[in-house]
Amino acid sequence: MAIKVLIKRKFKTGNLNQVSQLLNRARYSAMGMKGYISSETLTDLRDPHRIVVASMWHSIEDWTNWKTNPSRSEFMGEMEKIMVGPEEMEAYAMGMKTDA
């Protein structure tokens with residue numbers, strides 16, 4: 001079952017160029033992972049330093065493999081230096097289950 005993961009981050013003022021470069025590098029790296037479908041970057045209209053990345057994966061296992069991948073850990077190490085607080089993650093199944 002396909003899933004979508006929302007990753008919410010807040011960055012320190014004055015680092016948006018670096019953030020953009022890091023997110024692009026991370027996206028290109030994720031694109032090579034098994035199960036990656038797509039991703040998009042969303043910026044809060046009221047606060048451009050609040051950024052959400054929504055990525056779609058074939059399964060939660062595929063996402064977990066990326067989440068624990070050493071390449072992602074490297075990007076996160078760089079991002080954490082310019083983040084305000086920890087990232088927040090939420091995973092959702094695509095579609096809706098019924099009670100049947």
Side-chain angles (χ1 to χ4, degrees):
M1 171 187 303
I3 65 156
K4 188 167 274 197
V5 179
L6 303 179
I7 306 167
K8 301 174 183 180
R9 300 180 182 103
K10 169 103 174 153
F11 292 95
K12 296 174 185 173
T13 302
N15 293 290
L16 292 181
N17 288 338
Q18 184 180 3
V19 169
S20 177
Q21 291 172 359
L22 287 169
L23 290 177
N24 283 333
R25 284 179 38 213
R27 174 175 285 127
Y28 286 121
S29 185
M31 289 170 69
M33 295 292 294
K34 176 185 173 288
Y36 174 87
I37 298 172
S38 67
S39 60
E40 57 190 349
T41 302
L42 309 169
T43 303
D44 187 317
L45 289 172
R46 289 170 272 153
D47 181 356
H49 296 90
R50 287 189 47 199
I51 296 172
V52 176
V53 172
S55 63
M56 190 181 303
W57 297 82
H58 282 286
S59 69
I60 191 68
E61 292 80 17
D62 292 333
W63 157 249
T64 301
N65 287 337
W66 168 241
K67 182 180 172 187
T68 59
N69 185 285
S71 291
R72 184 177 188 280
S73 296
E74 180 184 327
F75 298 125
M76 281 308 303
E78 293 181 52
M79 275 194 261
E80 286 171 345
K81 294 174 186 174
I82 55 175
M83 286 172 46
V84 176
E87 66 181 2
E88 297 176 27
M89 285 187 253
E90 301 172 347
Y92 296 89
M94 299 297 292
M96 196 172 145
K97 294 183 180 182
T98 61
D99 295 330

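Here the structure is a predicted model, which is why all the values come from computation and not from measurement. We number each residue from 1, following the sequence as shown.
- When hydrophobic residues (I, L, V, M, F, W, Y) are linked wherever their side-chain heavy atoms come within less than 4.5 Å, the members clustered with Met94 are Ile37, Met56.
- Among pairs with a residue in residues 12-24, none fulfils side chain to side chain donor-acceptor pair (under 3.5 Å), at least two apart in sequence or across chains.
- Under the rule for a ring pair (Phe, Tyr, Trp, His ring centres under 6.0 Å), the partners of Tyr36 that lie at least two apart in sequence or sit in another chain are Trp57.
- Not counting sequence neighbours, the partners of Glu78 by the side-chain hydrogen bond (donor to acceptor under 3.5 Å, both in side chains) test are Arg25.
- Applying the salt bridge (Lys or Arg N to Asp or Glu O under 4.0 Å) test to Arg27 and every residue at least two apart in sequence or in another chain returns nothing.
- Side-chain contact between Glu80 and Glu87 is absent, with no heavy-atom pair separated by less than 4.5 Å.
- Expressed to the nearest 0.5 Å, how far OG of Ser71 lies from CE of Met33 amounts to 8.0 Å.
- Linking Ile, Leu, Val, Met, Phe, Trp and Tyr residues whenever their side-chain heavy atoms come within less than 4.5 Å leaves Leu42 and Leu16 in two separate clusters.
- With sequence neighbours excluded, no residue forms a side-chain hydrogen bond (donor to acceptor under 3.5 Å, both in side chains) with Asn65.
- Remark: Glu90 engages Lys8 in a salt bridge (Lys or Arg N to Asp or Glu O under 4.0 Å) (not counting sequence neighbours).
- Every residue meeting the salt bridge (Lys or Arg N to Asp or Glu O under 4.0 Å) condition with Lys34, not counting sequence neighbours, appears here in chain and number order: Asp62.
- Not counting sequence neighbours, the partners of Asp47 by the side-chain contact (heavy atoms from CB on, under 4.5 Å) test are Lys10, Asp44, His49, Arg50.
- Annotation: side chain of Ile7 is not in contact with side chain of Val52 (no heavy-atom distance under 4.5 Å).
- Going from atom OH of Tyr28 over to atom OG of Ser39 covers 9.5 Å, rounded to the nearest 0.5 Å.
- In this structure Ile60 satisfies the side-chain contact (heavy atoms from CB on, under 4.5 Å) test together with Ile3, Trp63, Thr64, Ala91, sequence neighbours excluded.
- The shortest non-hydrogen separation linking Ala54 to Leu6 is CB-CD2, 3.6 Å.
- For Thr43, there are no side-chain hydrogen bond (donor to acceptor under 3.5 Å, both in side chains) partners two or more places apart in sequence or in a different chain.
- Qualifying side-chain hydrogen bond (donor to acceptor under 3.5 Å, both in side chains) partners for Glu74, counting only residues two or more places apart in sequence or in other chains: none.
- The minimum heavy-atom distance between Phe75 and Ala26, with the atom names listed, is CE1-CA, 3.5 Å.
- For the pair Val53 and Glu40, the minimum side-chain heavy-atom distance is 4.5 Å or more.
- Proximity of Lys67 to Met89: side-chain heavy atoms (C-beta onward) are separated by under 4.5 Å at one or more points.
- For the pair Thr41/Ile51, a side-chain contact is recorded, criterion being any heavy-atom separation below 4.5 Å from C-beta on.
- To the nearest 0.5 angstrom, Tyr92 atom OH is 11.5 Å from Lys4 atom NZ.
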